[in-house]
Peer 1: 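Got a structure for you, written out below as structure tokens; questions coming shortly.
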Number of protein chains: 2
Amino acid sequence: MGTVSKGLSLLGYFSRYRSEIGLSEMTRLSGMNKATVYRLLTELAEQGFVEQIGTGREYRLGPVFPRLAALREAAVPTREVAQKVLSGLCERTGETAHMSIRQGTTLSVVSFSYSALHGTRVTMEDAEQIAFHSTSSGHAVLAFSPPTFVDEILSGPLEKKTEQTETNPEIIRERLQEAARTCIAESVSGHEMDVHSHACPVFDARQGCYGAVAVAAPVARMTPDLQNTIRTEVLRSSLELTRLLGGFVPDTFKSKASELLGEPA
Amino acid sequence: MGTVSKGLSLLGYFSRYRSEIGLSEMTRLSGMNKATVYRLLTELAEQGFVEQIGTGREYRLGPVFPRLAALREAAVPTREVAQKVLSGLCERTGETAHMSIRQGTTLSVVSFSYSALHGTRVTMEDAEQIAFHSTSSGHAVLAFSPPTFVDEILSGPLEKKTEQTETNPEIIRERLQEAARTCIAESVSGHEMDVHSHACPVFDARQGCYGAVAVAAPVARMTPDLQNTIRTEVLRSSLELTRLLGGFVPDTFKSKASELLGEPA
DNA sequence: GTGGATCGGTTCATTATTTAAACCAAAGGT
DNA sequence: ACCTTTGGTTTAAATAATGAACCGATCCAC
């Protein structure tokens with residue numbers, strides 16, 4: 001791993017719950033030497049990627065992000081596009097729709113949409129990080145990612161989020177194969193109790209899978225009818241998002257999808 | 001300069017007008033070796049800070065930015081706060097108000113607000129980069145920055161943006177001293193013809209100057225009365241922004257400001 | 001107060017990474 | 001069919017990163 005990667009990896013420790021981190025803590029979290037972490041943070045601070053608060057206090061994310069995010073959004077209106085597709089998706093299914101994108105070895109929610117149809121719904125948080133092994137989105141991504149990446153994820157610790165979370169790598173692999181066959185990944189109470197979700201992959205410009213779109217519904221509302229609707233709509237949204245975000249769907253996926261949707265390729 | 005800084009500096013070449021840059025071009029822009037740039041871009045890409053489009057094509061800003069910007073905004077609601085203060089400022093002055101933040105050796109606009117009072121107005125662009133030597137905002141920042149930073153900026157090339165742009169470092173230094181004395185920097189047609197702007201510094205948590213708030217008006221509308229209003233209001237907004245964004249105003253500045261505003265410190 | 005633990009920050013010889021220049025193969029343009 | 005430029009790769013040589021030990025300041029229990 002190069003030095004730049006090390007530096008950037010530090011940014012990954014900031015989250016909604018830990019927005020301010022001190023030098024010692026960062027050292028512990030990263031497992032690197034204190035002098036190393038100090039230098040990295042100093043360089044990041046010089047460029048505005050982190051900033052210090054108070055005198056000799058903790059670090060937090062810096063002021064460059066609003067600017068760079070604005071430029072990114074100007075170049076690739078992901079958020080806007082995703083929001084549009086998701087609101088349609090949740091309207092047609094009546095359930096919560098969300099999209100997440102892979103960043104390194106984590107998956108994070110970039111956009112979501114709630115339906116007004118029901119009083120209860122699955123709720124999400126912006127920029128929420130979700131696990132690969134316990135979610136349908138995670139499975140959708142893994143099912144279409146290189147084996148080396150799958151190995152990397154499955155060889156790491158697999159947290160038992162709920163009673164129903166599957167933590168056996170072999171069984172997870174079987175599920176991934178199933179997802180690859182059907183183009184759709186499913187998870188029932190694997191990430192949160194009483195949530196049944198369906199997800200499909202989203203591909204980038206190089207036909208690599210870099211994210212997923214999903215619909216999450218309370219288990220109690222899931223009927224065969226609703227499931228059919230969700231399957232069709234999620235898959236359709238996955239194709240649409242890939243196209244709108246400038247990506248390309250691999251041929252194998254495209255032909256299976258067309259078959260499932262009963263449409264010409 | 002460390003490797004991390006070099007890597008991050010590459011991100012600075014992306015702009016609203018150049019959202020996609022190839023390897024060769026990046027090599028030229030940065031002045032670094034091609035292999036170096038290639039490795040840096042590869043590492044940035046691994047972490048999602050840049051991404052490639054098509055097969056073996058150009059690079060653009062990556063997908064991490066929406067996420068990190070959301071986290072930054074959750075920790076420090078800069079944009080929201082700035083927007084609020086600026087809209088008040090432009091309402092009271094009847095002219096365009098904007099705030100910019102220093103990032104390395106560039107200054108970029110993070111937020112602005114137009115007045116509905118007049119049919120003509122000074123217009124801005126989001127995430128616009130502005131020069132230090134030719135703008136009131138730039139002068140406001142330099143006037144309260146360490147001498148080493150001022151030297152760095154003034155020893156670089158000073159572009160003649162308009163007929164009236166002052167490019168003589170010595171005269172610029174005099175203007176900076178003037179700005180430090182009065183707490184307010186001024187620029188008449190230095191950046192764009194027929195624009196008269198006033199700016200004040202904004203300080204961070206360590207009492208360092210990291211940005212500026214400014215009001216820009218057409219030269220034709222500038223009267224002594226308006227100028228008085230602007231001076232008072234910009235200065236007041238500068239203190240307010242510093243406070244709301246968690247910064248501290250140096251004592252020397254605070255006392256001068258109180259005097260100018262005719263208020264108790 | 002006093003002693004110990006922890007904090008942010010610094011130093012320096014050792015070590016490992018980064019760099020530069022030359023070299024590919026492929027794609028475009030003339 | 002040529003010359004140029006593109007993205008990408010290799011190598012020894014140079015440079016930057018590392019880790020352990022070391023500061024002084026702060027904090028906390030006693």
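Sequence lines set the chain letters: A, B, ... in the order given, protein chains first and strands last, and positions in each chain run from 1.
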Peer 1: So, using side chain to side chain contact (heavy atoms under 4.5 Å, CB included) as the criterion, who are the partners of A:Lys84 when residues are at least two apart?
Peer 2: none
Peer 1: Among residues 35-44 of chain B, which contact DNA chain D at a heavy-atom distance under 4.0 Å?
Peer 2: B:Ala35, B:Tyr38
Peer 1: Please list, chain by chain and in numerical order, all residues satisfying side chain to side chain contact (heavy atoms under 4.5 Å, CB included) with B:Arg175, sequence neighbours excluded.
Peer 2: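 Testing B:Arg175 for side chain to side chain contact (heavy atoms under 4.5 Å, CB included), a comparison that skips the adjacent residues, returns B:His139, B:Glu166, B:Ile171.
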Peer 1: Show every ring pair (Phe, Tyr, Trp, His ring centres under 6.0 Å) that has at least one partner inside residues 10-32 of chain A, sequence neighbours left out.
Peer 2: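 For residues 10-32 of chain A: none.
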Peer 1: List, with names and distances, any nitrogen or oxygen atoms from the protein found under 3.5 Å away from nitrogen or oxygen atoms belonging to nucleotides 22-27 of chain D.
Peer 2:
none

Peer 1: With sequence neighbours excluded, tell me which residues meet ring pair (Phe, Tyr, Trp, His ring centres under 6.0 Å) with A:Tyr210.
Peer 2: none
Peer 1: Among all residues two or more places apart in sequence or in another chain, which pass the ring pair (Phe, Tyr, Trp, His ring centres under 6.0 Å) test with A:Phe49?
Peer 2: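 If we apply the ring pair (Phe, Tyr, Trp, His ring centres under 6.0 Å) test to A:Phe49, skipping adjacent residues, the hits are A:Phe65.
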Peer 1: Please list all pairs meeting side-chain hydrogen bond (donor to acceptor under 3.5 Å, both in side chains) that have one or both residues in residues 145-156 of chain B, counting only residues at least two apart or in different chains.
Peer 2: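 Every pair satisfying side-chain hydrogen bond (donor to acceptor under 3.5 Å, both in side chains) with a residue in residues 145-156 of chain B: B:Asp151-B:Arg173.
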Peer 1: Estimate the overall bend of the helix from C:dG1-D:dC30 to C:dT30-D:dA1 from the end axes over five pairs each, rounded to 10 degrees.
Peer 2: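 Roughly 50° between the end axes, to the nearest 10°.
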Peer 1: Among pairs that include at least one residue of residues 35-50 of chain A, which meet side-chain hydrogen bond (donor to acceptor under 3.5 Å, both in side chains), considering only residues two or more places apart or in two chains?
Peer 2: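 Residue pairs passing side-chain hydrogen bond (donor to acceptor under 3.5 Å, both in side chains), neighbours aside: A:Arg39-A:Glu43, A:Glu43-B:Ser5.
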Peer 1: Restricting to side chain to side chain contact (heavy atoms under 4.5 Å, CB included), what partner residues turn up for A:Val37, sequence neighbours left out?
Peer 2: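 Here the qualifying residues are A:Leu10, A:Leu23, A:Met26, A:Thr27, A:Ser30, A:Met32, A:Leu41.
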Peer 1: Quick one: side chain to side chain contact (heavy atoms under 4.5 Å, CB included) partners of B:Ala131, sequence neighbours excluded?
Peer 2: B:His133, B:Ser134, B:Lys161
